[in-house]
**Q** 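One structure follows; several queries about it will come next.
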Amino acid sequence: QVQLVESGGGLVQAGGSLRLSCAASGSIFSINSMGWYRQAPGNQRELVAVIRSGGSTNYVDSVKGRFTISRDNAKNTVYLQMNSLKPEDTAVYYCKMIIFTSRAVAYDYWGQGTQVTVSS
């Protein structure tokens with residue numbers, strides 16, 4: 001019984017900023033990696049950013065230098081700070097976490113998605 005609830009999406013003008021958050025709750029033993037994906041209409045879902053348990057990060061080239069992923073392990077929460085937003089960033093953003101519900105059982109969990117719209 002694990003669920004992820006994300007928030008922070010909305011409408012912003014090009015050049016603006018948004019901060020997405022995603023909090024996990026339920027029967028959590030530990031959380032491995034946390035990541036953000038996005039999907040625009042007619043496009044495949046793509047990985048935007050990932051942060052691993054040790055703190056290392058990776059970003060898709062198109063957001064490097066503009067987006068920052070971070071995590072608060074005490075709150076079971078992952079954040080995505082998005083700066084210098086571009087219309088091309090418009091998409092539904094989904095968080096995903098690999099969560100252990102026991103020492104040896106892990107599964108991928110997804111948030112419900114939040115719409116980010118960047119106007120020109």
Side-chain angles (χ1 to χ4, degrees):
Q1 292 186 314
V2 174
Q3 67 176 37
L4 275 57
V5 178
E6 55 185 280
S7 61
L11 175 64
V12 65
Q13 292 184 325
S17 298
L18 286 173
R19 181 178 172 88
L20 306 183
S21 64
C22 175
S25 62
S27 300
I28 299 171
F29 180 80
S30 65
I31 302 177
N32 194 334
S33 65
M34 301 179 176
W36 289 94
Y37 292 72
R38 66 186 181 187
Q39 187 168 25
N43 292 86
Q44 295 183 350
R45 187 172 298 186
E46 69 170 346
L47 177 64
V48 177
V50 61
I51 183 166
R52 300 176 179 85
S53 60
S56 64
T57 59
N58 290 96
Y59 300 89
V60 67
D61 286 345
S62 60
V63 309
K64 288 180 179 177
R66 301 188 297 120
F67 290 11
T68 302
I69 187 171
S70 61
R71 61 192 286 168
D72 185 335
N73 292 325
K75 296 181 179 179
N76 295 328
T77 299
V78 61
Y79 305 93
L80 186 67
Q81 179 66 47
M82 305 184 293
N83 298 325
S84 302
L85 282 162
K86 303 175 180 180
E88 305 93 271
D89 297 318
T90 295
V92 178
Y93 284 70
Y94 300 89
C95 62
K96 189 192 79 173
M97 302 184 188
I98 300 176
I99 296 176
F100 284 82
T101 54
S102 67
R103 186 173 181 84
V105 178
Y107 196 75
D108 290 359
Y109 293 89
W110 290 86
Q112 81 279 10
T114 185
Q115 176 71 47
V116 171
T117 302
V118 184
S119 65
S120 59

**Q** I need the minimum non-hydrogen distance between Val12 and Ser17, along with the two atoms involved.
**A**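 That closest heavy-atom pairing would be CG2-N, 3.9 Å.
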**Q** List the atom of Thr77, the atom of Ser21, and the distance in Å for their closest heavy-atom pair.
**A**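 What the structure gives for the nearest pair is CG2-CB, 4.4 Å.
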**Q** Within the 3.5 Å criterion, strictly below it, is a donor on Thr117 or Thr90 matched to an acceptor on the partner's side chain?
**A**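 Absent: no donor and acceptor within the cut-off.
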**Q** I need the Thr68 OG1 to Asn83 CG distance, nearest 0.5 Å.
**A**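 The CG atom of Asn83 is 6.5 Å from OG1 of Thr68, to the nearest 0.5 Å.
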**Q** Within the side chain of Tyr59, is there an N or O that forms a donor-acceptor pair under 3.5 Å with the backbone of Arg66?
**A**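 Such a contact is absent between Tyr59 side chain and Arg66 backbone.
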**Q** Taking Ile51 as the starting point, is it possible to reach Ile99 by hopping between hydrophobic residues whose side chains are less than 4.5 Å apart?
**A**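 Yes, Ile99 and Ile51 fall within the same hydrophobic cluster.
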**Q** Looking at OH of Tyr93 and CG of Leu80, how far apart are the two atoms once the value is rounded to the nearest 0.5 Å?
**A**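 Atom-to-atom, Tyr93:OH and Leu80:CG are 7.5 Å apart.
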**Q** Carefully, step by step, assess Val118 and Glu88 under the rule side chain to side chain contact (heavy atoms under 4.5 Å, CB included).
**A** CA-CA 8 Å; Val118 184; Glu88 305 93 271; over 6 Å; no
**Q** Answer yes or no: is there a side-chain heavy-atom contact under 4.5 Å between Asn76 and Met97?
**A**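 Not touching, per the 4.5 Å side-chain cut-off.
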**Q** Do the side chains of Val48 and Val92 join up, straight or via other hydrophobic residues, at under 4.5 Å, putting them in one cluster?
**A**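 Result: no, two separate clusters.
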**Q** Where is the tightest heavy-atom contact between Ala24 and Leu4, given as atom of each residue plus distance?
**A**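 Heavy-atom minimum between the residues: CB-CD1, 3.8 Å.
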**Q** For the residue pair Lys96 and Val50, establish whether any side-chain heavy-atom pair is separated by less than 4.5 Å.
**A**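 Side chain of Lys96 against side chain of Val50, heavy atoms only: no contact under 4.5 Å found.
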**Q** So do Cys95 and Met34 actually touch side chain to side chain, heavy atoms under 4.5 Å?
**A**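 Result no, sub-4.5 Å side-chain heavy-atom pair not found.
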**Q** Rounded to the nearest 0.5 Å, what separation is found between the OG atom of Ser53 and the CG atom of Asn73?
**A**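 Reported value, rounded in 0.5 Å steps: 8.5 Å.
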**Q** Taking all atoms of both residues into account, what is the closest heavy-atom pair of Tyr109 and Tyr107, and its distance?
**A**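 Minimum heavy-atom contact is CD1-O, 3.3 Å.
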**Q** Name all residues meeting the ring-ring contact (aromatic ring centres under 6.0 Å, His included) criterion together with Phe67; count only those two or more places apart in sequence or in a different chain, and write none if there are none.
**A**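 Not a single residue meets the ring-ring contact (aromatic ring centres under 6.0 Å, His included) criterion with Phe67.
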**Q** How about Val78 and Ile31: do any of their side-chain heavy atoms sit closer than 4.5 Å?
**A**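 Val78 does not reach Ile31 side chain to side chain.
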**Q** Could you check whether Asp61 pairs with Lys64 (Lys NZ or Arg NE/NH1/NH2 to Asp/Glu carboxylate O, under 4.0 Å)?
**A**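 Yes, charged N to carboxylate O under 4.0 Å.
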**Q** Is it the case that one hydrophobic cluster holds both Met82 and Tyr94, taking links as side-chain heavy atoms less than 4.5 Å apart, direct or via other members?
**A**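 No, because Met82 and Tyr94 fall into different hydrophobic clusters, even though each may have its own neighbours under 4.5 Å.
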**Q** For residues Lys75 and Tyr79, report the shortest heavy-atom separation together with the two atoms involved.
**A**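 Looking at all heavy atoms of both residues, the closest pair is CD-OH, 4.3 Å.
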**Q** For the backbone of Arg19 and the side chain of Gln81, can you confirm whether one donor and one acceptor N or O come within less than 3.5 Å of each other?
**A**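 No; judged by distance alone, with no hydrogens or angles, the pair does not exist.
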**Q** Which pair of non-hydrogen atoms, one from Ile98 and one from Ala106, has the smallest distance, and what is that distance?
**A**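 Taking Ile98 first and Ala106 second, the nearest heavy atoms are CG2-CB, 4.3 Å.
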**Q** As an exercise, state the distance from CG of Asp72 to OG of Ser70, rounded to the nearest 0.5 Å.
**A**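 So the gap between those two atoms works out to 8.5 Å.
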**Q** Report yes if the side chains of Leu47 and Tyr37 come closer than 4.5 Å at any heavy-atom pair, otherwise no.
**A**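 Touching, per the 4.5 Å side-chain cut-off.
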**Q** Would you say Glu6 and Gln112 make side-chain contact, with heavy atoms under 4.5 Å?
**A**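 Counting from C-beta outward, Glu6 and Gln112 do come under 4.5 Å.
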**Q** Starting from the C-alpha separation in whole Å, work towards a yes-or-no answer on side chain to side chain contact (heavy atoms under 4.5 Å, CB included) for Arg38 and Asn43.
**A** CA-CA 9 Å; Arg38 66 186 181 187; Asn43 292 86; over 6 Å; no
**Q** In a check of side chain to side chain contact (heavy atoms under 4.5 Å, CB included) between Gln13 and each of Pro87, Ser120, Ser119, which one passes?
**A**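 Only one of Pro87, Ser120, Ser119 forms a side chain to side chain contact (heavy atoms under 4.5 Å, CB included) with Gln13, namely Ser119.
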